[in-house]
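All remarks here apply to the structure that follows.
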Protein chains: 2
Amino acid sequence: MGDIDTVVARMREDGGRVEEGACPIRDVLDQLGDKWSMLLIFLLASGARRFGELRRELPDISQRMLTQTLRDLTRNGLATRTVHPTRPPSVEYALTPQGFALLEALGPLLRWAEAHHDYIRAARRRFDAAA
Amino acid sequence: MGDIDTVVARMREDGGRVEEGACPIRDVLDQLGDKWSMLLIFLLASGARRFGELRRELPDISQRMLTQTLRDLTRNGLATRTVHPTRPPSVEYALTPQGFALLEALGPLLRWAEAHHDYIRAARRRFDAAA
DNA sequence: CCGTATCCTACGGGATACTG
DNA sequence: CAGTATCCCGTAGGATACGG
């Protein structure tokens, strides 16, 4: 897989943040790197949810960040937002096919993290002890 | 693959940042989510480099962040730091086997990003136009 | 119920200057 | 050459209050 070179090239020239969406990797990283995106993707993977449901399942997220993260996911086409015209209104969020595809692409990373977690913690302890 | 549920559980209870290293996913995400880690991993994948070489290959990174990111990678056991006792000293960084493993685990995500980049950009344009 | 608006703080990260 | 030290700014993100 030699296309890493092209990725590197693009990420590098994108270092100073050219325009939005110049480099695909940075694009996806900027979305996933924040505090709640991945967690929401995981949650939505097991079925569509309403705003309030998500809120209850994630007691630690602020309303502001839940709204914002969901809006970003929607904007990037990873989730859909459906407003049901009831009184009071209810809004349902669901993962798009592309969102599910992302989830699958995340699988190996997940497994790597699980598999190497002990190694990482040990490495950290060694490093910190040496200091 | 039902272990997503356990991941979600741990990420959720880790929402308020319990202790460092509680959740493996957040651990890896916190490292990869920053501005330069992935780029450095990609670079080091094609061979060990000295500090100055990396610096020249990444004109946009500040010396401060290069040092710090390399230190974090080293601390997490993803890279090694070897000091050659010359005058003046030279320091070489290389990816560990675990670093390479991470690189491979990143492959699918990379391919997803490339494959869906156009879709994402289109989704964004649609979303922003609707606003 | 589902947001938006405002305020405030912590931290990531750049620029620059200095050391072994 | 390979860092450390300082300063400074922008943004992520929490708390709170209000609106449709």
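Just so you know, these numbers come straight off a predicted model, no measurement behind them. Just so we're on the same page: letters track the sequence lines, and every chain starts at 1. All values below come from the heavy atoms of this structure, side chains included, with hydrogens, waters and symmetry mates left out.
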To the nearest angstrom, how far is [X] atom [atom1] from [N] atom [atom2]?
| X | N | atom1 | atom2 | answer |
| --- | --- | --- | --- | --- |
| B:Arg49 | D:dC1 | CZ | P | 17 Å |
| A:Arg55 | C:dC2 | CZ | P | 10 Å |
| B:Leu66 | D:dC1 | CG | P | 13 Å |
| A:Asp34 | D:dG14 | CG | P | 10 Å |
| A:Lys35 | C:dA10 | NZ | C1' | 11 Å |
| A:Leu32 | D:dA12 | CG | P | 15 Å |
| A:Asp30 | C:dG12 | CG | P | 15 Å |
| A:Asp72 | C:dT4 | CG | C1' | 15 Å |

Does any non-hydrogen side-chain atom of A:Leu43 lie less than 4.5 Å from one of A:Arg49?
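Yes. Closest side-chain heavy atoms under 4.5 Å.
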Does B:Ser90 reach a base, just sugar-phosphate, or nothing at all? Heavy atoms under 4.0 Å.
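Sugar-phosphate, backbone atoms only, no base.
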Short side-chain to backbone donor-acceptor contact, A:His117 and A:Ala113, under 3.5 Å
no
When you measure from the centre of the six-membered ring of B:Trp36, is the NZ or CZ of B:Arg71 under 6.0 Å away and within 45° of the axis?
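Because its charged atom misses either the 6.0 Å distance or the 45° angle limit, B:Arg71 does not stack over B:Trp36.
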Indicate the ring-plane relationship of B:Trp112 and B:His116, choosing parallel, tilted or perpendicular according to the 30° and 60° boundaries.
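Aromatic pair B:Trp112/B:His116 classed parallel.
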Is A:Arg50 near enough to C:dC2 that one of its side-chain N or O atoms lies under 4.0 angstrom from OP1 or OP2?
yes
Ignoring backbone atoms, establish whether A:Arg64 has a side-chain N or O less than 4.0 Å from OP1 or OP2 of D:dA17.
no
From the set D:dC1, D:dG14, C:dT4, return the single nucleotide nearest to any side-chain atom of A:Met65.
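Out of D:dC1, D:dG14, C:dT4, the nucleotide with an atom closest to A:Met65's side chain is D:dG14.
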Closest to the 5' end of DNA chain D, once A:Gln63 and A:Pro88 are matched to their nearest nucleotides, is A:Gln63
